[in-house]
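I have placed the structure first, in the form of structure tokens, so that the comments after it can refer back to it.
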Amino acid sequence: MVDHERDSTPVLITEAAPSYEEQHAARKRKYAIMMGARIPCLALAMVFYQTWWLALLFLVLSVPLPWMAVLIANDRPPRKSEKANRFVKEHRALEARNHQVIDG
């Protein structure tokens with residue numbers, strides 16, 4: 001029986017990778033989030049300047065963030081390895097049963 005009241009959302013029928021624009025937007029978003037996380041770390045280090053170990057912890061956390069943000073933003077997702085569909089010729093063999101031979 002056919003369901004006439006189908007959902008209008010499209011069905012994904014391909015395994016294609018996201019477009020370059022989508023990948024770039026996702027990488028920019030990750031970069032902005034990581035660089036935005038650096039500002040609160042520096043602000044918290046200033047707030048807790050009297051507790052030296054906590055201020056130092058926030059400073060140490062904020063130092064590698066730009067480096068990690070650049071690495072993540074420049075990293076593209078790996079390409080899918082696809083197996084090539086090669087034509088393989090089927091080898092035919094003679095039948096292994098006895099055949100009637102007619103001598104003339």
Side-chain angles (χ1 to χ4, degrees):
M1 183 174 259
V2 178
D3 185 15
H4 294 289
E5 296 182 22
R6 286 190 56 186
D7 190 9
S8 64
T9 58
V11 177
L12 181 64
I13 60 172
T14 181
E15 293 183 19
S19 69
Y20 175 75
E21 290 80 17
E22 290 173 351
Q23 291 177 10
H24 188 249
R27 292 195 320 258
K28 283 189 338 187
R29 190 170 38 256
K30 288 177 188 176
Y31 178 81
I33 289 170
M34 290 187 76
M35 289 305 287
R38 186 173 190 214
I39 296 169
C41 282
L42 292 173
L44 287 170
M46 287 187 287
V47 168
F48 293 109
Y49 74 93
Q50 291 180 344
T51 311
W52 68 269
W53 61 270
L54 194 55
L56 184 64
L57 175 72
F58 285 122
L59 279 176
V60 168
L61 286 176
S62 70
V63 168
L65 280 177
W67 174 72
M68 292 186 319
V70 169
L71 284 180
I72 290 172
N74 288 332
D75 188 29
R76 295 181 86 176
R79 293 185 180 179
K80 292 181 181 178
S81 63
E82 297 179 4
K83 184 178 177 183
N85 188 8
R86 307 252 187 235
F87 175 75
V88 178
K89 184 178 178 183
E90 182 179 318
H91 298 286
R92 296 185 179 199
L94 296 175
E95 295 178 19
R97 63 184 178 140
N98 293 333
H99 295 281
Q100 182 181 7
V101 178
I102 301 176
D103 289 328

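Keep in mind it's a predicted model, so treat the numbers as computed, not measured.
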### Message
Please tell me whether V63 and L61 are part of a single hydrophobic cluster in this structure, the criterion being side-chain heavy atoms less than 4.5 Å apart.
### Response
no
### Query
Which heavy-atom pair separates S62 from R38 by the least distance, and what is that distance?
O-NE, 3.0 Å
### Message
If you define the side chain from C-beta out and look only at heavy atoms, does anything of Y31 sit under 4.5 Å from I72?
### Response
no
#### Entry: Linked, directly or transitively: W52 and F58 (ILVMFWY side chains, under 4.5 Å)
yes
### Query
Between R27 and Q23, is any pair of side-chain heavy atoms under 4.5 Å apart?
yes
### Task
Is it possible for you to say whether L65 and W67 belong to one hydrophobic cluster, with membership spreading through side-chain heavy-atom contacts below 4.5 Å?
yes
### Query
What pair of heavy atoms forms the shortest contact from A45 to A55, and how long is it?
O-CB, 3.5 Å
### In one Ile/Leu/Val/Met/Phe/Trp/Tyr side-chain cluster, 4.5 Å: I39, V47
no
### Summary
Distance col, row K28:NZ vs E21:CD, nearest 0.5 angstrom, shows 10.5 Å
### Message
Side-chain heavy atoms nearer than 4.5 Å, only ILVMFWY residues, links allowed to pass through others: does that put V60 and L44 together?
### Response
yes
